[in-house]
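Only heavy atoms go into these numbers, but all of them, side chains included; no hydrogens, no water, no symmetry mates.
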Amino acid sequence: MPIYQAPIRDYQFVLNELLNIYQQDELKGFDEFDPELIDAVLQGVADFTTDIMLPLNGSGDVEGCRLVDGKVITPQGFIDAYQQYVDNGWATLTCDPEFGGQGLPEVVGVFATEMKTSTNMAFAMYPGLTHGAYAAIHTHGSDDLKSKYLEKLVSGEWTGTMNLTESHSGTDLALLRTKAIPQADGTFAITGEKIFISSGDHDLTDNIVHLVLAKLPDAPEGVKGISLFVVPKILINKDGSLGDPNTLCAASLEHKMGIHGNSTCVMNFDGAIGELVGEPHQGLRAMFTMMNQARLGVGLQGLGVSEIAYQNALAYAKDRIQGRALSGAKQPEQAADSILVHGDVRRMLLSQKSFNEGTRALMGQQALWLDESERHSDDECAKVASKLAALFTPIVKGFVTDQAFKACVDAQQVFGGHGYIHEWGMEQFVRDSRIAMIYEGTNGVQALDLVGRKLLSDKGEALQIWSLEVKSLIERNRGTEEMKPYLAGLMDAAGDLEKATAYLTTNAAKNPDLIGAASMAYMQILGIAALAWMWTRTAEKAIQTIAAGTEETAFYQDKLNTAKFFMHYWGAKTRSLRKQIQLASEDICGFDNRAF
């Protein structure tokens, strides 16, 4: 079975030092927690995920879910593990105290999510999607809907799902056919079929709350005609008790590449009773609350699986002996050196390490922006944070999952032939992480959203705000000799981003197809520049801490070494990506369809 050690010290560094969350007095509720409390929470999640969730990851993958007599049965051990999850209160961490939540900020919750996805991505999806359903109802639901559903969703007594995709309508939701017919009692009869519904049915809870996109009879054409409905598996009586089954079912289970422990269902709604969330024809706005929550969660899935893959690849590289170092034997007492001495193995491991640690810092920053957008006492600061979080949503979902999958492939490669064999766990990590590049909007769609909406539609306002942050970091460290290697890498990445941005803003108006041709490379440039920003901030903090005197010099020196590697290895990629945008975009647009 794969090993896992929760990176608690790294969480502490990001929270305590890099983001300084315990000094955020202007954020509502942040004064109610301290390092001791947060450390205890994170350690509790670490113990639960390592002891309970991790042992079920491989067995759940082999056993998978089964559909028996119209009901989904989850892998052995999942029911007991989920009950422990609920009993321990892990479902309530970042939810509103009014509905039974603990009120912790998102910046803490993201690291709990990382640990859950590291140890058992399939299991973690059940409560993960529930949190998204909670967020949508909490933000857009009526008081009646909130009182009916939120307490049960917060506690984990019930779970939630999101139902968007139809067989003929994936990303283009304007084509969906699911109908919602108004009833005399104010409810709606929902009829249609949805596919790829994660956690669509299971035996973990007594009820499942489905959020379903559908169209009313008088709906306008296109996405402006979409409404959102809450449709429970089991109807709820006026006193809050469970009543009769609703007219919906899991028609089949998808046969898929990975995440076998999660039930991915084809869902049929046959006049199922539902209630409107928000206003008629405004469903997409409400669903985006859930989707954006899910996109951050998907990015954390990428990071989580990349982290456990790296930890196991590193352990294997230290233990496996094969060949000798090119410069001569490093472990002459053994028949061969460990493969950690080989340059290509070191390259793959350092690529994973620098990506994981930089991404962890970026995820923390993204979560803090989300907290600021909801909790900041200054409305203008809250708006700025919201704009930055929106800008970086395609990065934490698209760029992160792209690179996390590649990191998992590299980790598998370290194992050689053993990485292709199931019992080592590496091939499961590759299979599981692959879906993160596809669902909640494929990464190509994320890149298109980044360039088409976040860059061009608002004339790059959010990007300009972030660029000022980058420039401020550079200016305050320009006179510090030790910071030169990190500043150089950041300035190179930021410069390539600026040139790529100028190309697109100049040429896209004349040829809009360039947006699609260049968007993926542009997302990669911004992603690398964002990590370079986080690594420069990390280096700044490490240099200051070492200079002030610390008993953990080795920890901070490791951060500096890893930051330097990132700048030299990852940072060098932005120039080629920028050249690709400038040179190949018009070629992509210009090819005649017959040439393919």
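In terms of the ring-ring contact (aromatic ring centres under 6.0 Å, His included) criterion, Y310 has no residue partners (sequence neighbours excluded).
Annotation: side chain of L350 is not in contact with side chain of Y569 (no heavy-atom distance under 4.5 Å). Using a 4.5 Å heavy-atom cutoff, the side chains of L93 and V41 are in contact. Contact check for T264 versus I195: no side-chain heavy atoms found under the 4.5 Å cut-off. Considering only heavy atoms from C-beta on, L54 stays 4.5 Å or farther from T49 through its side chain. Looking at heavy atoms from C-beta onward, K559 lies out of side-chain contact with K541 at the 4.5 angstrom threshold.
Salt bridge absent: K71 and D203 never bring a charged side-chain N and a carboxylate O closer than 4.0 Å. Ionic pairing of K233 and D206 is not present here: no N-O contact between side-chain nitrogen and carboxylate oxygen is shorter than 4.0 angstrom.
The line from CE of M534 to OG1 of T359 is 10.0 Å long, rounded to the nearest 0.5 Å. From Y556, atom OH reaches atom CG of N561 across 15.0 Å, with rounding to the nearest 0.5 Å. With rounding to the nearest 0.5 Å, the separation of CG in L300 from CE in M115 is 11.0 Å.
Taking the six-membered ring for Trp and the full ring otherwise, Y134 and H131 have centroids separated by under 6.0 Å. Ring to ring, F392 and W369 are close: their centroids are under 6.0 angstrom apart. In this structure, the ring of Y82 has its center no less than 6.0 angstrom from the ring center of Y126.
In this structure, R537 satisfies the cation-pi test against W533, with its NZ or CZ atom closer than 6.0 Å to the six-membered ring centre and inside 45 degrees of the ring normal. In this structure, R9 satisfies the cation-pi test against F555, with its NZ or CZ atom closer than 6.0 Å to the six-membered ring centre and inside 45 degrees of the ring normal.
For E63 (side chain) and Q76 (main-chain N/O), a donor-acceptor pair under 3.5 Å exists by modelled atom type.
A tilted orientation is assigned to the rings of W90 and F48, their planes being inclined by 30° to 60°.
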Report task. Test side chain to side chain donor-acceptor pair (under 3.5 Å) on E114 and Q301 and set out the steps. Result -> CA-CA 7 Å; E114 183 197 332; Q301 287 180 335; over 6 Å; no

Requested in this report: Step by step, work out the salt bridge (Lys or Arg N to Asp or Glu O under 4.0 Å) result for R360 and D10.
Outcome: CA-CA 8 Å; R360 183 170 298 120; D10 215 28; 2.7 Å; yes

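Identified under the ring-ring contact (aromatic ring centres under 6.0 Å, His included) test for residues 318-367, with sequence neighbours left out: F355-W570.
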